[in-house]
There are 2 protein chains.
Amino acid sequence: MIFQGDCLLELKKIDNESVDLVYLDPPFFTQKKHSLKTRDNSREYSFEDTWVNIESYKNYIQERLVECKRVIKDTGSIFLHCDRTASHYLRVALDDVFSASNFQGEIVWAYKRWSNSKKGLLNSHQIIYFYSKTANFKFNKVFEGYSPTTNIDQIFQKRVRDENGKTTYKREQTGEYELTKQKMGVPLSDVWEIPYLNPKANERVGYPTQKPIILLEKIIELTTNKDDVVLDPFCGSGTTLVAATLLGRKYIGIDISIDAIELTKRRLAKPIKSHSLLLKNGKDSYLNQDKKILEILETIEAIPVQRNRGIDGFLKIRNIVKPVPIRIQRESESLDNAKDFLLRARKKSGFKFAVLIRTNSRVEETLFDLPKINEDNLLIAEGIEAFSKIKVRLESLI
Amino acid sequence: MIFQGDCLLELKKIDNESVDLVYLDPPFFTQKKHSLKTRDNSREYSFEDTWVNIESYKNYIQERLVECKRVIKDTGSIFLHCDRTASHYLRVALDDVFSASNFQGEIVWAYKRWSNSKKGLLNSHQIIYFYSKTANFKFNKVFEGYSPTTNIDQIFQKRVRDENGKTTYKREQTGEYELTKQKMGVPLSDVWEIPYLNPKANERVGYPTQKPIILLEKIIELTTNKDDVVLDPFCGSGTTLVAATLLGRKYIGIDISIDAIELTKRRLAKPIKSHSLLLKNGKDSYLNQDKKILEILETIEAIPVQRNRGIDGFLKIRNIVKPVPIRIQRESESLDNAKDFLLRARKKSGFKFAVLIRTNSRVEETLFDLPKINEDNLLIAEGIEAFSKIKVRLESLI
DNA sequence: TCCAGAGATGAATCCACCC
DNA sequence: GGGGTGGATTCATCTCTGG
C-alpha cells in the first residue's frame, strides 16, 4: 500500500500494532533545498529542508516517531537513518519515544566515496539507529565467516576457570581437549561496508538520498520474516518497498511528494537491483595483477592500477601521483604488442606521456645515455634500473 | 606534565589557550564498576561509573568541556571518545560548548573483536567526535592509497558543467581529454579500521578500557605538529601521553586515580608499542590457500582454514560448522603423507573424526558402498563426488 | 518481578616457541 | 634466523539464576 500525504496524518490511518518494521529516512536538517535531475533531464525531484531551528526539527521527527511506535507490534523494531548534522537530536527523540532501554544498536553504514577537497576528514559513513518496541523483539541471527587470522582449530575447545579466575582449556581425563559440537560463525557486526550507490548504477532512479537496496534488505532480513509488514513513512523513491517486495514482505509506503509516489509505483512495477560485483567477490578479486608486476611497481614506487586495460600503474614522484601511465612488459609479450597496448591506453584518456618498462631487454645502457622519447611519446625503460633516469626526465616534462 | 586529581580542578591550573589538542576518554555512563587484574595478578585497576541520571552525567562532562575549551588555542581541536549509551548527550554537550558550527567530524573506530552470544548485532565500533575551537583549526591532510576498484585513468580528467548543470569530462580543442597535473591520493576517511588491543599484546598494561597507541597517534598527527601540546584530562593508563611522546609532542595528563598516575609514569619511562602485522600487511596476507583447494572447499561447502597445519577446512552442514577437519590431498603428495598430516592435526586438537579427500583416486565406487572409517577415524573420500556420502555418514556420527 | 552477582561465552590476534 | 603455528588471554560482555 502506498499513501500520498504528510506521514503524520497518514500514519493515523494505520491500525495499532500492525507493523513489524519501520524504516525511516527523514529529510535532513541541512537548511538547504535538494534537487536532482534524472539522467535525461526530463524530470526534477526536489524537497526542502527548512526548520527554524534544531528543536523544531527534533519535534517534527518526534511527533512522527510517536505515531510509528503506536503502529509497531510488540515484537517490532524501528531503524532511523540519520543525518550527520542532527543525529544526536534524533537519538534523543528515539530515547524519549522508545526509551533508552530499547536501544539495540548504532549501525554504521561505511562506504568509499568520491573525495572532495575540504579541510578535514572525508565523510564516508552514515548512522542508522536501531530501537525495538519491547525487549521481546524479533531478531534473526545472522552469521558471517571467521577472520582468516582466527585459529579455528582452537575455538572448538571448551574452557574452565582456574582459582585466579583466569580461563584455561578444558581437557578430558585422557588428556584430550574437550570440544564443542558446533559453531555458527561470527555474529553480524554493526559496521556494514556496502558500496555507495554508484552514480551510474541501473538501480538509480534519479532521486536524492537514494539508498542501496542491499542496505534495506539487510535490515529487513534481520528483523522480519516472510509476509511481515514493513513501513516507510518517508519512502521517497521507494527503495524500502522494493526491497520488501524482493524479500516477500508486505509494505506500506508514505510520501508527501506526488512525484515520489509515482516514481515509487513505477519502480515497484519493475524492480531493478544492481549486482555489485565488488560486494559479491570482495575487494580481493580485483587484485588480479601478477605478483611479479606488483613487486616491480613497488620497487619503482609507482601506484598499481587494477582495472585499466594496458596500464599497470601510475608514476609517483615524492608521494604525488602523476598522470603518466606505466606498463610493464609481460614475459609472453613482444615489445610491439606492449607498446600497442600502452599507446592505446595513453591516447584513450589523453595522457601526454607513458612509460614502458622492459623486463627482458638485451640493450645495454650507459649512465650517460639520456632516456629517449619515441614518436608516440612513449618512454621506454630498458629494465627496472633504467627507470630512475626516466623519472628524472619526466619530472622536467610534466 | 602529569597531575593527579579531578580534572575540573586541575584544568583550572592550566593557562588560557596553551594547548593544541585535547583528547578525552571520560568514564562511560555504564552505571557499573570496571576492574581488571594485571596478568600476573599483582595489581587490580578499577573505577566506577555511577551517576544518578543521564542529565547529571551530561553536566559532569559539560563543565569539564568548558575548561577544556578555555585552555585550547584558537588553532586547536578536541576529540571526545564516546560512550555508546550516551554519545548523543555528549555531542549535545559539545555543541553547547564548542558550537555546532565547529563540528568537524564523527570518527568511527571500527574493529573486529571476539564475540559473545548476545541477541542483536555485535558491537564492533566506537565513536570519537572531532570539534575545533575555531574555523581556523590546524589540520594536516593525510592521504591514503586508491581503492583497487578506482578507475585511476579517469580521475586525472578535468571536468566542466554543461548547460544543464551536469558534469562532463573536459576536452581540449583537439578532442583530447584535459588532465590535471597531479593527484595526492584519497583523503583520510572518517572510518578507521584499527585492530582492537589484543588480549595478548605486550602493549597491554592491565588497565581496563586501554586504547591502542596507533589510534591516538592518528589523532595526534592529524591536528598537531612537533612540540605542540597534547592534553588528556582522563589519561588513565597514559596511552595518549605515550603516543604524544613517541611523536615528539609535549603532553599534559590528568587522572583522579593515584594508581593510574603511577602506571602512566612507569609506562612513559619505557613505552611499549605492539606492531600489528595485521595492520601492516593487511588481512589478505593471511590468505595463503591455493586457489584450487579453495574451489574444492567451496563445492563441498566447507569453510576454509588459513592457519592450521594439516587442515584445509572444516565440515559445514546446513550452515553450521562442525568439529571435523578436512584435508584435500595435494597432487604432489602421497596418500600416506596426506593421511599423516591430517591425523596429526586431528589428534593435536582432539577432533574425533577427520576427512581426507583424494583428488587423484583410481578407485571406483558404486552408489551402494558405504563410506569406510579407517582405524585412525579418518574417512577417505575417493574424489569430490564421494564426499556427499561421507557427509551423510558423519551426520549420524557426531 | 526485579535486581545483583556469578558463571558461561567465544573469536580475535599477538606472542613465543618451534622447526 | 625467519617463517609459521600453537596457545593464551580478553570482555566500558551477556545471560541466567536465586533471593
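Bear in mind the structure is a predicted one, so any value in this text is a computation, not a measurement. Within every chain, numbering begins at 1; the chains are lettered A, B, ... in the order of the sequence lines, protein sequences first and strands thereafter.
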K.L.:
Would you say the ring centroid of B:Phe314 lies under 6.0 angstrom from that of B:Phe351?
P.N.:
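Centroid separation for B:Phe314 and B:Phe351: below 6.0 Å.
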
K.L.:
Once the angle between the rings of B:His81 and B:Trp109 is folded into 0 to 90°, is it parallel (under 30°), tilted (30 to 60°) or perpendicular (over 60°)?
P.N.:
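Perpendicular, since the angle between the ring planes exceeds 60°.
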
K.L.:
Answer with base, sugar-phosphate or nothing: what part of the nucleic acid does B:Pro26 contact at a heavy-atom distance below 4.0 Å?
P.N.:
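Base contact.
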
K.L.:
Distance check needed: C:dT9 P versus A:Phe156 CZ, whole Å only.
P.N.:
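A:Phe156 atom CZ is separated from C:dT9 atom P by 15 Å.
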
K.L.:
What distance separates B:Arg344 CZ from B:Asp376 CG, expressed to the nearest 0.5 Å?
P.N.:
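The distance works out to 12.5 Å.
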
K.L.:
Using atom NZ of B:Lys112 as one end and atom C1' of D:dT10 as the other, report the distance to the nearest whole Å.
P.N.:
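Taking atom C1' of D:dT10 as the reference, NZ of B:Lys112 is at 18 Å.
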
K.L.:
Sort out the partner of D:dA12 for me: Watson-Crick or G-U wobble, both distances under 3.5 Å, none otherwise.
P.N.:
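Paired with D:dA12, as far as the under-3.5 Å criterion goes, is no nucleotide at all.
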
K.L.:
Is there ring stacking between B:Phe28 and D:dA12, where the centres must be under 5.5 angstrom apart and the planes under 30 degrees?
P.N.:
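The ring of B:Phe28 is stacked on D:dA12.
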
K.L.:
Could you check whether A:Tyr146 gets within reach of a base, just the sugar-phosphate, or nothing at all, counting any heavy atom under 4.0 Å?
P.N.:
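A:Tyr146: backbone/sugar contact only, no base atoms under 4.0 Å.
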
K.L.:
Can you tell me, in whole Å, how much space there is between the P of D:dT15 and that of C:dA11?
P.N.:
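Comparing P positions in D:dT15 and C:dA11 gives a spacing of 15 Å.
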
K.L.:
Side chain of B:Asn116 only, please: which of C:dA11, D:dC14, D:dT9 is the nearest?
P.N.:
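The answer is D:dC14, which lies nearest to the side chain.
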
K.L.:
Nearest-Å distance, CG (B:Leu197) to P (D:dA8)?
P.N.:
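After rounding, the gap between these two atoms is 20 Å.
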
K.L.:
Provide, to the nearest angstrom, the distance between the CG atom belonging to B:Asn123 and the P atom belonging to C:dA11.
P.N.:
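After rounding, the reported distance stands at 17 Å.
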
K.L.:
Once you round it to whole Å, what is the distance between P of C:dA12 and CG of B:Asn308?
P.N.:
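B:Asn308 atom CG is separated from C:dA12 atom P by 13 Å.
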
K.L.:
Classify B:Arg309 by what it touches in the nucleic acid, base, sugar-phosphate, or nothing, heavy-atom distance under 4.0 Å.
P.N.:
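The answer is sugar-phosphate, as B:Arg309 gets under 4.0 Å only of primed atoms, P, OP1 or OP2.
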
K.L.:
Using atom CG of A:Asn151 as one end and atom P of D:dT5 as the other, report the distance to the nearest whole Å.
P.N.:
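Roughly 10 Å, once rounded to whole Å.
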
K.L.:
Using whole Å, what does the distance between atom C1' of nucleotide D:dT5 and atom CD of A:Gln157 come to?
P.N.:
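Result: 13 Å.
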
K.L.:
Do B:Ser124 and A:Ser189 have side-chain atoms, one donor and one acceptor, less than 3.5 Å apart?
P.N.:
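Yes, because at least one side-chain N or O of B:Ser124 sits under 3.5 Å from a partner of the opposite role on A:Ser189.
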
K.L.:
Could you check whether B:Ser257 and B:Asp255, counting side-chain N and O atoms only, form a donor-acceptor pair closer than 3.5 Å?
P.N.:
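Short answer, no.
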
